[in-house]
Amino acid sequence: MKNDEIALKYSPQDIEDKWYSHWLEKKYFHSEPDDREPYCIVMPPPNVTGVLHMGHMLNNTIQDVLIRRARMQDKNACWVPGTDHASIATEAKVVAKLKEEGIDKKDLSREEFLKHAWEWKEKHGGIILEQLKKLGASCDWKRTKFTMDEDLYESVIDVFIDLYNKGLIYRGVRMVNWDPSALTAVSDEEVIHKEIQSKLYHLKYPIVGEKDAFVTIATTRPETILGDTAVCCHPEDERFLHLKGKSVIIPLVNREIPIIFDEYVDREFGTGCLKITPAHDINDYHIGIKHKLPSVDIFNDNGTINEKIGLYAGKDRFDVRKEIAVDLEKSGYLVKVEDYVNKVGFSERTNAVIEPKLSLQWFLNMQDIAKPALDVVMNDTVQFHPAKFKNTYRHWMENVKDWNISRQLWWGQRIPAFYAPNGEVVVAKTKEEAFEKLKMENGELRIEDVRQDEDVLDTWFSSWLWPISVFDGIRNPDNKDFKYYYPTSDLVSAPDILFFWIARMIIAGLEYSHKIPFKNVYLTGMVRDKLGRKMSKSLGNSPDPLDLIRIYGADGVRVGMLLTSPAGNDLPFDETLCEQGRNFCNKIWNAMRLVNGWEVSNTIEQPEYAKISIDWFDAKLNEQLAIIEDHFAKYRLSDALMATYKLVWDDFCSWYLEMIKPAYLQPIDSDTRLITLSFFDELLQLLHPFMPFITEEIWHILGVDGKKFGIEDEPDDDIIISEFPKSEVFDESLIVKFEIAQQIITEIRTIRKEKNIPQKDALTLFVKKNNEQPETLFDSVIQKLCNLEKLENISKKLENASTFIVKSTEYFIPLGDKIDKEAEKTKLLSELKQAENLLHSTQSKLSNERFVSSAPEQVITLERKKQSDAQQKIDVINKQLEQLN
RNA sequence: GGGAGCUUAGCUCAGUUGGUUUAGAGCAUCUGCCUUACAAGCAGAGGGUCGGGGGUUCGACUCCCUCAGCUCCCACCA
């Protein structure tokens with residue numbers, strides 16, 4: 001393609017869809033087992049009804065970088081995408097949608113409701129996966145899975161039955177976290193405790209048989225007095241010992257309840273006297289059991305007061321709290337109200353205030369199966385990046401509680417437990433199987449009387465099998481895919497689901513495959529806004545990722561996401577990051593336009609400056625490749641990107657291309673052009689995992705290897721499947737020598753700027769060697785970049801010249817009357833001061849006997865070198881100063 | 001109430017087992033340039049007593065103690 005057909009600026013819109021379809025067409029994303037080394041990532045399945053947010057962007061960009069790089073390293077890369085049925089969240093959405101249509105879930109049968117839910121899933125499910133394509137995600141879409149797919153569903157049921165048969169799953173009445181909005185129990189992990197500004201109500205309970213005598217209790221939840229069954233004091237609290245054996249009357253309710261004594265009570269807190277409501281508080285529940293108290297449940301499932309007591313029936317718990325406070329005050333039972341901060345549990349999914357509730361649920365005993373999962377993380381069989389999360393993980397695993405796995409919902413895997421009318425329960429895969437089992441106990445039983453449990457399983461009870469079940473490894477562990485891809489390589493996730501998901505996947509992996517599910521866990525941070533707030537829909541502080549892609553291009557956004565997000569660190573997101581990414585795209589684009597526009601000459605000789613520039617960049621490239629490899633090995637993707645960014649922008653564009661580019665309208669020799677194109681190719685390959693679209697486009701504009709080297713029958717491959725660059729041995733001394741040249745060039749540029757000398761006016765540079773041999777290797781480059789008509793060695797100082805010193809070599813640029821002696825003098829004096837400071841510090845070290853005797857040889861040699869360098873520099877500067885005077 | 005981690009330039013972060021001249025990077029800032037690849041750019045420059053205090057050491061951003069501030073996780077104190 002000729003340059004006049006190429007846009008002046010990179011325009012991503014034109015090319016992203018083109019290349020994405022091309023990649024799909026060529027089936028580059030699809031993987032089948034073969035004899036290569038597998039590299040596999042299973043995508044953390046987003047909620048099927050979700051839309052793409054910034055967290056997904058970050059997470060999936062990282063996964064795509066890892067997958068694309070592995071693919072280019074000739075591993076068999078497989079990225080399995082999919083979605084999660086997210087039972088609570090999806091069911092809540094479907095219920096809300098039906099409500100809008102005037103349909104109440106209560107009026108629907110289970111089958112009717114599920115029909116609506118599946119319709120909703122078909123309509124909205126998968127939007128998020130389509131959005132990921134815009135980002136460039138190179139997932140194996142043929143392997144897309146859904147946690148309620150038939151095979152995954154069956155795997156969940158099989159696992160439930162197996163765990164039940166092993167005695168690890170049990171059913172029992174426990175105090176659980178009840179979500180009055182979703183109308184289901186949730187696990188401990190699904191409850192988020194937040195500090196809430198609330199009130200502490202002090203209430204008087206009249207003592208039975210004593211006139212005008214009361215005990216005062218303090219509570220944050222006055223509405224629960226309806227369910228009180230005792231008042232409790234500390235057995236050694238002298239203030240209350242006289243109440244032993246007495247009773248009190250619950251205000252308004254007028255029920256008589258005993259005064260009991262228990263060491264649980266904190267004498268210092270509140271009034272030192274506690275009301276006991278066993279049905280609605282976990283502590284009270286335990287005290288209730290201990291003291292054999294009755295339990296009075298006062299709530300309906302939706303958080304309204306039931307009719308048991310006859311007061312406030314049907315009213316919401318929070319309305320009643322206000323109302324009862326007023327009523328208590330009116331009747332004289334309210335002593336005072338204090339402001340008080342306490343922690344309240346909220347439902348992770350619905351944000352409703354959790355109600356502790358006694359109910360019959362299914363639980364998984366975690367104690368024993370968690371142990372091996374703790375070990376594999378602590379001994380780094382599964383590696384966490386960053387490793388600091390090992391601590392958090394250990395703490396949770398060592399204190400793991402039984403997992404409430406039943407949910408009072410319909411959307412999900414239905415619990416395979418079946419009941420006979422007499423209450424007998426069996427766990428079986430089908431109703432028929434259950435019937436057979438039940439019939440052995442009860443010959444009279446008819447299959448119509450067998451009833452399946454109404455509840456479904458926690459969503460995480462299906463996603464904990466994800467890395468296994470996407471390959472059908474539960475039902476069919478000997479299948480080819482499972483044996484090849486599992487254990488997967490890397491998991492990219494966020495710390496907030498460390499327990500929900502990651503820990504449980506490791507547990508399930510060890511229990512059901514006897515292997516770890518993945519070797520590395522990369523934990524990203526949270527995407528936050530500029531003010532440090534978590535991005536959320538309710539705050540409206542989250543940009544629409546697709547808008548960002550439209551504005552900055554997918555590659556620009558990817559770079560923006562990755563630039564400042566080291567593993568485990570939060571990403572303070574700012575659109576200017578995407579701008580930086582877009583600018584980088586443009587920089588690469590323009591470098592392409594330069595290289596692409598050159599006329600080639602087969603006759604001209606390769607200039608000296610080009611030869612040495614090529615040697616230098618080759619060394620620099622390999623040096624940086626080694627560094628980038630190291631960053632990747634340590635999962636430091638931001639650092640890998642930044643190193644690549646600087647290599648491309650600074651070393652390649654700002655230095656190398658300027659060093660070799662021919663004068664305007666002059667042709668370039670073919671050797672230099674070819675080697676430059678191959679450097680460009682390597683850089684594009686290095687960039688490709690981060691910036692897939694622009695690199696594929698430029699790769700094709702510049703022409704693949706075949707065209708470039710005049711070999712027309714080279715296969716016409718795409719960059720996506722080309723080979724990722726590897727570092728080779730390089731000449732480090734070239735890099736060090738060039739650094740000196742860079743200093744000289746910078747000094748000359750500074751002089752040009754200070755003296756206002758345009759680049760087109762040629763200068764002369766004189767070099768006077770002092771103590772060391774000046775480096776001349778890059779003289780041709782210095783001459784070219786600084787537009788020097790002459791570069792000459794001299795043995796005497798030069799008058800009326802601007803000077804600078806690099807190492808201990810003096811450089812002079814004759815400028816005639818442009819020399820400002822005072823300014824030169826000031827410059828020299830400040831340099832002198834620096835050198836003297838350095839000299840002093842080295843001298844004081846070296847004159848310290850204990851330093852000389854105890855520091856290692858190397859350090860002392862270095863210090864001596866510093867000292868002599870400083871001394872030399874001081875001498876040179878002093879001589880120059882003499883001359884100025 | 002326990003536990004973990006963090007505090008280095010205006011912002012976001014590097015800084016490997018204490019010793020690489022005067023602690024680095026990107027962005028931002030300032031100055032000068034529309035120099036035919038690129039103003040979404042080029043060139044140059046400034047900016048930090050490494051949170052405070054103490055200690056160990058010949059030597060501390062790095063190790064120890066202490067104080068302060070921030071963050072996260074866990075926990076049934078009304």
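As the structure is a prediction and not an experimental result, all values here were calculated from the model. Throughout, protein chains are lettered first and strands after them, A, B, ... in sequence-line order, and every chain is numbered starting at 1.
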Is it true that atom [atom1] of [X] has more than 12 heavy atoms of other residues, nucleotides or ligands lying nearer than 6.0 Å?
X	atom1	result
A/Gln666	CD	yes
A/Glu268	CD	no
A/Glu5	CD	yes
A/Glu599	CD	no
A/Gln197	CD	yes

Under 4.0 Å, heavy atoms only, any strand: does [X] hit a base, just the sugar-phosphate, or nothing?
X	answer
A/Cys273	nothing
A/Thr746	sugar-phosphate
A/Ser854	base
A/Asn342	sugar-phosphate
A/Glu398	nothing
A/Val265	base
A/Leu838	base
A/Asn848	sugar-phosphate

Identify which nucleotide among [options] has an atom closest to any side-chain atom of [X], counting heavy atoms from C-beta outward.
X	options	result
A/Pro856	B/A78, B/G19, B/A40	B/G19
A/Phe851	B/U12, B/A37, B/C58	B/C58
A/Lys343	B/C74, B/C58, B/A37	B/C74
A/Asn586	B/C38, B/C74, B/A78	B/C38
A/His395	B/C74, B/G26, B/U22	B/C74
A/Phe499	B/A40, B/C74, B/A78	B/C74
A/Lys646	B/G26, B/G44, B/C38	B/G26
A/Lys388	B/C77, B/G19, B/G5	B/G5
A/Ser654	B/A78, B/A43, B/U21	B/A43

Short side-chain N/O contact to [N] OP1/OP2 from [X], under 4.0 Å:
X	N	value
A/Asn569	B/C13	yes
A/Trp649	B/A25	no
A/Ser841	B/U22	yes
A/Asn391	B/G3	no
A/Lys587	B/C42	yes
A/Arg636	B/G15	yes
A/Arg582	B/A40	no
A/Lys661	B/A37	yes
A/Tyr645	B/C27	yes
A/Tyr340	B/A78	yes

Residue whose nearest RNA chain B nucleotide is more 5′ - A/Ala870 or A/Lys275: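 The residue closer to the strand's 5' end, by nearest nucleotide, is A/Ala870.
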Upstream residue (5' side of RNA chain B) when A/Lys9 and A/Leu200 are each assigned their closest nucleotide: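 Closest to the 5' end, via its nearest nucleotide, is A/Lys9.
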RNA chain B stem ranges, 3 or more consecutive Watson-Crick or G-U pairs under 3.5 angstrom: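 Stems for RNA chain B, defined as runs of 3 or more consecutive pairs: B:1-7 with B:68-74, B:10-13 with B:24-27, B:29-33 with B:41-45, B:51-55 with B:63-67.
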Nearest-angstrom distance from the residue atom CG of A/Asp630 to P of B/G15: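 Between P of B/G15 and CG of A/Asp630: 11 Å.
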Inter-nucleotide C1' distance (B/U56, B/G47), Å rounded: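 Their C1' atoms lie roughly 33 Å apart.
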Side chain to side chain contact (heavy atoms under 4.5 Å, CB included) evaluation trace for A/Phe346 with A/Ile196: CA-CA 11 Å; A/Phe346 290 79; A/Ile196 294 297; 3.8 Å; yes
Interatomic spacing from CG in A/Asn177 to CD1 in A/Ile354 - rounded to 0.5 Å: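 Rounded to the nearest 0.5 Å, the CG-CD1 separation comes out at 5.5 Å.
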Atom pair CZ/CD1 of A/Phe680 and A/Ile698 - distance to nearest 0.5 Å: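 The distance works out to 5.0 Å.
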Under 3.5 Å donor-acceptor pair, A/Lys866 side-chain atoms to B/U20 base atoms: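 Side chain to base: no pair present.
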Base of B/U22 paired with side chain of A/Gln834 (donor-acceptor, under 3.5 Å):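 Indeed there is one.
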Lys/Arg N to Asp/Glu carboxylate O, A/Arg239 vs A/Asp237, below 4.0 Å: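 Yes.
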Geometric class of the A/Tyr340/A/Phe269 ring pair [parallel <30°, tilted 30-60°, perpendicular >60°]: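 Aromatic pair A/Phe269/A/Tyr340 classed perpendicular.
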